[in-house]
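Note on naming: letters A, B, ... go to the chains in the order of the sequence lines (proteins, then strands), and numbering restarts at 1 for each one.
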Number of protein chains: 2
Amino acid sequence: METRELRYFVAVAEEAHVGRAATRLGIAQPPLSRAIAQLERRLGAALFTRTPRGVTLTSAGETLLREARVALAAVEAAERRTRRVAEAAGRAPVVLTAKAGASSELMAKLLDAYAAEPDAVEVDVVLTPPGHQAVMLRDGRADVAILHRPFDDTSGFDVDELLVEEQVLILPAGHPASTRAAMTLAEARSIPDLPLPRWPRLDGSYPEGPGPELRDLTQVLQLVRLGRAAIVLPETAQANLRDGLAVVPLSDAPRVTTVIAWPPHSTSPGVAGLVRTAGRL
Amino acid sequence: METRELRYFVAVAEEAHVGRAATRLGIAQPPLSRAIAQLERRLGAALFTRTPRGVTLTSAGETLLREARVALAAVEAAERRTRRVAEAAGRAPVVLTAKAGASSELMAKLLDAYAAEPDAVEVDVVLTPPGHQAVMLRDGRADVAILHRPFDDTSGFDVDELLVEEQVLILPAGHPASTRAAMTLAEARSIPDLPLPRWPRLDGSYPEGPGPELRDLTQVLQLVRLGRAAIVLPETAQANLRDGLAVVPLSDAPRVTTVIAWPPHSTSPGVAGLVRTAGRL
DNA sequence: CTGCGCTCATACCGCTGCGGTATCGGACCC
DNA sequence: GGGTCCGATACCGCAGCGGTATGAGCGCAG
């Protein structure tokens, strides 16, 4: 199987429509139909069922979609990492990716501690929207990432745990619920006048439902202060809170684990150094 | 980058010789030279330095070799898993791979317990030479593997620990060293008349050195009984020992962790069931 | 039930680019 | 300096990719 075939397949699977997929790929529809048919013949498996409104995946197709995404990310990663090694022969900067606006204290400690090491190399910090760090790591745009389980999918990476913490509910100061000693997630979700914000998905769209769309944490905290929303955050986020907010522990929210993650087989001395430093924090 | 290019590159890198690589690939030398040159042009990086006796990898080339192997394994896995899902639509057997002749007790318990589950599917057990299980899992020939850290590279897989154990030295009964309460690895290696056997590498070749080549555990144990060798094994292997052998604990040998490993993103209900069962053992 | 619209499949064509053979250029060795 | 062993280059034929035109199957409106 060639990566071209996999790219074509993924496009068709995602669009559920050969014509649209062809447009997206910048080719005509017939060659794409033919390429898919050829792929199916070679695999000896139907990947799509043709319907009058487009195509839908078979179970074999679903398997291939999952696997193809991993494989394509691996090929992309190979290309990008090779380019990076070639460009900055020797002391290439390490690219560290983290969620914008989170773990700032931990990150600062890590970067300071690492910079003090004798053999430290330059660290490029790339802050991305939530959820994108694992993707960056998978396709070679980043060398190390700070991830948060269980939100990020760390499968396929080597990880070191840095911090385990509980989550708390942040509400407007003076709200009736703010005096409670603890709460469950279900209770937090059902406070009538305080909806929880919705987080964007990987593609930037938002799930349906009530609650404001979360774009910027400080903006949402402003909404909380105004008595228009509540939000669930890891407990260390309290450190950055200003007045007008109350904190209630959640008894049944999943614990958040902050980890440092890197691709297996990494040989970069910078990655090794960062991970070593992180382990000592 | 197309997988064809990656396959060509890997062949040349492994042979360190364009002509031989071409033969191995079943094509002529000039197209291969051209393909490599084109790959280098597209990456904007020299991958090989040409010498009068062949070619050697640059640092960019070494990076690409490592990454390309991962990427190619992922592509192969995609193909194989899709084929398998298509062939045995529905209740496909799960392929479990393990080291031949090891963990037999644990495996039996696992398979028995799993077979007793209400929704159990068929399990194909594939016993392979040591070290091959991770490869099988990586390229899609197996769905689950029993691996042994630190010997197997579990990076890139999801794992559950099943058993942690110490290693012991097995020697002929009556040997002077057999009365010792404990020993270090270095001492074990330097017993003058009892060489440790050599384990085969992934490609089937053996490292240089003294000691018999290990092909079959029972054969080596026979050698031990005859006073011609000693061997280091996990302590549970004692259960299968017969007369004529003595056991000495090793104080500094790495602990061996038996794990059950599966590829991330696995959706097979059989894999999930096996892992769940294993976790309850 | 018939015609239209929408979708994917098929037919056919042109050209890119892969792989083939022949040959060159350079390094090393006697 | 000729022989040998490399990889690189030159050139050619053809497989296969992508293009346009058109067919075939299905759902639906009238």
Of all residues at least two apart in sequence or in a different chain, which pass the side chain to side chain donor-acceptor pair (under 3.5 Å) check with [X]?
X	answer
R42(B)	E5(B)
R4(A)	none
D152(B)	none

How long is the line joining [atom1] of [X] and [atom2] of [N], in whole Å?
X	N	atom1	atom2	result
E2(B)	dT16(C)	CD	C1'	14 Å
E15(A)	dC6(C)	CD	C1'	17 Å
F48(B)	dC6(D)	CZ	P	16 Å
R4(A)	dC18(C)	CZ	C1'	13 Å
R41(B)	dA8(D)	CZ	P	11 Å
L39(B)	dG17(C)	CG	P	16 Å
E40(B)	dT9(D)	CD	P	11 Å

Go through the steps to decide whether E62(A) and T58(A) satisfy the test side chain to side chain donor-acceptor pair (under 3.5 Å), and finish with yes or no. CA-CA 6 Å; E62(A) 280 171 18; T58(A) 62; over 6 Å; no
Got a donor-acceptor contact below 3.5 angstrom from the [X] side chain to the [Y] backbone?
X	Y	answer
R66(B)	H265(A)	yes
S155(A)	D158(B)	no
S266(B)	W262(B)	no
H148(B)	F151(B)	no

Nucleotide by nucleotide, nucleotides 24-30 of chain C touches protein heavy atoms under 4.0 Å in the pattern (B base, S sugar-phosphate only, - none) ---SS--
Residues from residues 26-38 of chain A lying under 4.0 Å of DNA chain C - heavy atoms: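 Contacting residues: Q29(A), P30(A), S33(A), R34(A).
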- Ionic contact status for E40(A) with R50(A), cut-off 4.0 Å: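 Yes, R50(A) and E40(A) are salt-bridged.
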Query raised in the report: Does a salt bridge link E14(B) with R69(B), judged by any charged N lying under 4.0 Å from a carboxylate O?
Result: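 R69(B) and E14(B): salt-bridged.
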For Q29(A) and S33(A), which I'm curious about, is there any donor-acceptor pair between the side chains at under 3.5 Å?
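Yes - a donor-acceptor pair under 3.5 Å links their side chains.
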Is there a side-chain polar atom (N or O) of R50(A) under 4.0 Å from OP1 or OP2 of dA9(C)?
yes
Query raised in the report: OP1 or OP2 of dC8(C) sitting under 4.0 Å from any side-chain N/O of H17(A)?
Result: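 Yes, because at least one side-chain N or O of H17(A) sits under 4.0 Å from OP1 or OP2 of dC8(C).
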Here the residues of residues 7-14 of chain B within 4.0 Å heavy-atom distance, strictly under, of DNA chain D are none
